[in-house]
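To start, the structure under review is shown below, and the notes come after it.
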Amino acid sequence: MENKKTDTASALKDIISHAKEYGFVFPSSEIYDGLQAVYDYGQNGVELKNNLKTVWWKAMTMLQDNVVGIDASIFMHPLTWKASGHVDSFNDPMIDNRDSKKRYRADTLLEDRSALLEDQGKADEAKALMQHMAKCLDAGDLEGVRQLIIDQKITCPVSNTANWTEVRQFNLMFSTQVGAVSEDASLIYLRPETAQGIFVNFLNVQKTGRMKIPFGIAQIGKAFRNEIVARNFIFRMREFEQMEMQFFVRPGTEMEWYATWKETRMKFHQALGLPADSLKFHDHDKLAHYANAAVDIEYKFPFGFKEMEGIHSRTDFDLKSHQELSKKKQQYFDPEINENYIPYVVETSVGADRLFLAILCNAYTEETVGEGEQEKQRVYLNFHPALAPVKVAVLPLVKKDGLAEKAQEIVKEIKFAFNTTYDEGGAIGKRYTRQDLIGTPYCVVVDYQTMEDQTVTIRDRNTMSQERISIADLKEKIGHAVSMERIFEKLL
RNA sequence: GCGAAAGUAGCUCAGCUGGUAGAGCGCGACCUUGCCAAGGUCGAGGUCGCGGGUUCGAACCCCGUCUUUCGCUCCA
């Protein structure tokens with residue numbers, strides 16, 4: 001048996017086609033030509049995604065003594081985003097140079113010019129320029145900002161020309177209104193990250209849960225970003241789901257926890273079946289305004305190693321900022337050292353959709369089986385049994401002679417324990433293939449011997465080998481193999 | 001946002017120089033068969049992404065637009 005995996009760009013196309021054809025991912029509103037960077041999960045996709053969310057949730061909360069979950073709402077008080085820095089840093093006025101095709105932040109161009117003026121000893125002029133720019137930006141006067149760039153005769157460092165486009169505001173947060181009357185409505189945002197829902201509930205959870213530092217709060221939820229450019233299928237979407245955990249620690253201990261969580265999270269991805277050589281850490285060179293250390297866990301997607309999970313040491317930036325803006329103390333009293341402090345935070349944040357894509361890409365297997373004239377291609381999805389959308393398909397070898405009825409009896413017996421499907425249409429080989437294509441790990445076949453001795457064959461997806469077992473043992477044997485415990489035991 | 005390529009049945013794709021839409025696979029029913037995508041018969045499924053234009057006539061030519069992929073750019 002020879003495994004063949006294409007690393008080329010066509011690999012992603014094959015996976016996208018497969019995802020659509022077999023009910024994993026559909027383009028959103030496809031009958032209206034789709035909506036850019038938005039996708040829907042189909043009947044098999046939702047099962048896989050739910051399994052991923054469940055395994056993450058349990059690994060975080062059930063397996064950790066000191067992590068609990070919450071589910072915060074998508075709408076949050078507008079000041080939340082002021083405190084988090086998103087209002088300021090998620091709103092960039094951008095300008096393009098038509099000759100070099102390069103894009104710049106308009107405010108950065110002017111700030112650079114201001115610094116240059118100052119170097120030339122024209123401090124007054126520099127200050128006036130900054131004030132003028134601030135006035136324009138506050139008023140939303142983008143044309144005014146462009147005029148400043150032109151008046152200053154700022155040119156593109158690449159093309160050396162001043163052939164500028166208009167200044168456009170790229171607001172990465174989606175906004176909407178709350179309130180019935182639009183004039184009275186106040187602007188609110190769809191959250192661009194789920195983390196803030198945890199920070200604003202930090203004390204609620206700590207007090208009601210009698211949590212002692214170090215402890216964590218986990219959450220799974222949707223977040224929204226108005227991406228300028230969306231690429232690579234479900235890798236970058238405008239509406240996406242995050243699975244993240246904020247871990248609150250005593251200041252000064254954050255780097256130890258950062259190292260611990262790095263290791264824990266890497267182990268998790270490997271336990272799901274992602275191979276070690278397809279995963280790597282990537283340290284951030286440039287740190288975000290809130291972080292003092294940041295690393296990505298990258299997966300080798302068909303389009304290269306890309307971020308799947310981020311692990312950030314967020315310091316006390318968020319809680320401190322919320323404390324300042326809300327004027328509510330965000331302190332924790334640490335009885336061990338008899339001190340009040342704002343905890344430091346270590347965040348682990350994985351994109352549920354990216355993990356889904358990684359698992360799907362990794363599972364997609366093209367394989368040549370048989371030899372000589374018997375040789376043929378087969379495709380199957382090699383999911384960990386605990387993650388597979390369907391765990392077992394029960395197939396009567398033929399429809400007649402009571403085999404179908406017998407098979408349906410078996411389905412009735414085991415369908416409470418795990419996701420079971422029944423298929424009697426077409427030749428047995430075709431039905432095996434149907435299950436391979438959606439990654440079902442086991443096929444149970446009812447044949448003539450079943451009618452005599454109450455045994456069935458059970459076929460393994462990867463090896464295609466069969467084993468005969470008693471119907472009475474089915475539930476336990478399959479149940480054991482498809483249990484998430486098979487993943488959890490690798491985490492210890 | 002810029003540049004390039006693409007868009008025809010669920011999927012993969014044909015479709016000549018402009019002349020009223022095709023195949024394979026898949027799907028459904030029935031027959032035959034019975035362990036790895038078997039055969040037969042019948043059938044469902046398409047305003048050729050969408051909107052304009054040119055033309056007697058457009059899947060095909062022109063313009064616009066949407067979507068996707070790739071390269072830039074962006075990614076607190």
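By convention in this document, chain letters (A, B, ...) are assigned in the order of the sequence lines, proteins followed by strands, and residues within each chain are numbered from 1. None of these values were measured; they are calculated from a predicted model.
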Would you kindly compare A:Val398 and A:Ile16 by the position of their nearest RNA chain B nucleotide and give the one closer to the 5′ end?
A:Val398

Residue closer to the 5' end of RNA chain B, A:Gly429 versus A:Glu424 (nearest nucleotide):
A:Glu424

Nucleotide [N], atom [atom2] - distance to [atom1] of [X] in whole Å:
X	N	atom1	atom2	answer
A:Tyr22	B:C27	OH	P	8 Å
A:Glu21	B:A9	CD	C1'	12 Å
A:Glu30	B:G46	CD	P	15 Å
A:Ile234	B:U67	CD1	C1'	17 Å
A:Glu366	B:U12	CD	P	14 Å
A:Phe301	B:U69	CZ	C1'	17 Å
A:Phe305	B:C75	CZ	P	23 Å
A:Arg378	B:A37	CZ	C1'	12 Å

Please give the distance between the [atom1] atoms of [N] and [M] as a whole number of Å.
N	M	atom1	result
B:C16	B:U54	P	24 Å
B:C27	B:G10	C1'	8 Å
B:U8	B:A23	C1'	13 Å
B:C61	B:A6	P	11 Å
B:C11	B:U68	C1'	16 Å
B:C31	B:C66	C1'	47 Å
B:G15	B:A9	C1'	14 Å
B:A76	B:G7	P	36 Å

Applying the Watson-Crick and G-U wobble criteria at under 3.5 Å, what pairs with [N]? Answer none if nothing qualifies.
N	result
B:U65	B:G49
B:G43	B:C27
B:A9	none
B:C2	B:G71
B:C36	none
B:G57	none

Within the 4.0 Å heavy-atom criterion, would you say [X] contacts the bases, only the backbone, or no part of the nucleic acid?
X	value
A:Asn232	sugar-phosphate
A:Glu193	base
A:Leu437	base
A:Ala37	sugar-phosphate
A:Gly425	nothing
A:Arg434	sugar-phosphate

Of A:Asp436, A:Thr365, A:Thr368, which meets side-chain hydrogen bond (donor to acceptor under 3.5 Å, both in side chains) against A:Arg378?
A:Asp436

Can you identify which nucleotide, out of [options], has its nearest atom closest to the [X] side chain?
X	options	answer
A:Met464	B:A76, B:C36, B:C35	B:C36
A:Arg225	B:A76, B:C36, B:A37	B:A76
A:Thr433	B:C36, B:A37, B:U69	B:A37
A:Phe233	B:C36, B:G34, B:U69	B:U69
A:Gln466	B:U68, B:C35, B:A38	B:C35
A:Val445	B:U69, B:C35, B:C36	B:C35
A:Phe303	B:C35, B:U69, B:C70	B:C70

Given [N], is OP1 or OP2 found less than 4.0 Å from the side-chain N or O atoms of [X]?
X	N	result
A:Lys430	B:C27	yes
A:Lys20	B:G10	no
A:Asn226	B:C75	no
A:Ser17	B:U12	yes
A:Gln36	B:U68	yes

Would you sort out whether A:Ile198 and A:Val345 count as a side chain to side chain contact (heavy atoms under 4.5 Å, CB included), showing the intermediate values?
CA-CA 11 Å; A:Ile198 293 179; A:Val345 173; over 6 Å; no

How far apart are the C-alpha atoms of A:Asp353 and A:Lys49, what are their side-chain angles, what is the distance that settles it, and do they pass the side chain to side chain contact (heavy atoms under 4.5 Å, CB included) test?
CA-CA 8 Å; A:Asp353 311 280; A:Lys49 194 177 180 191; 3.1 Å; yes

Please work out which of the three classes, parallel, tilted or perpendicular, describes the rings of A:Phe301 and A:Tyr299, given edges at 30° and 60°.
perpendicular

Ring centres under 6.0 Å, that's the criterion: do A:His282 and A:Phe305 meet it?
no

Have [X] and [Y] got a donor and an acceptor in their side chains that come within less than 3.5 Å?
X	Y	answer
A:Ser465	A:Asp460	no
A:Thr194	A:Glu244	yes
A:Tyr448	A:Asp401	yes
A:Thr450	A:Asp447	yes

When you measure only distances, ignoring hydrogens and angles, does the side chain of [X] come within 3.5 Å of the base of [N] through a donor and an acceptor?
X	N	answer
A:Arg236	B:C75	yes
A:Arg459	B:C36	yes
A:Asp447	B:C35	yes

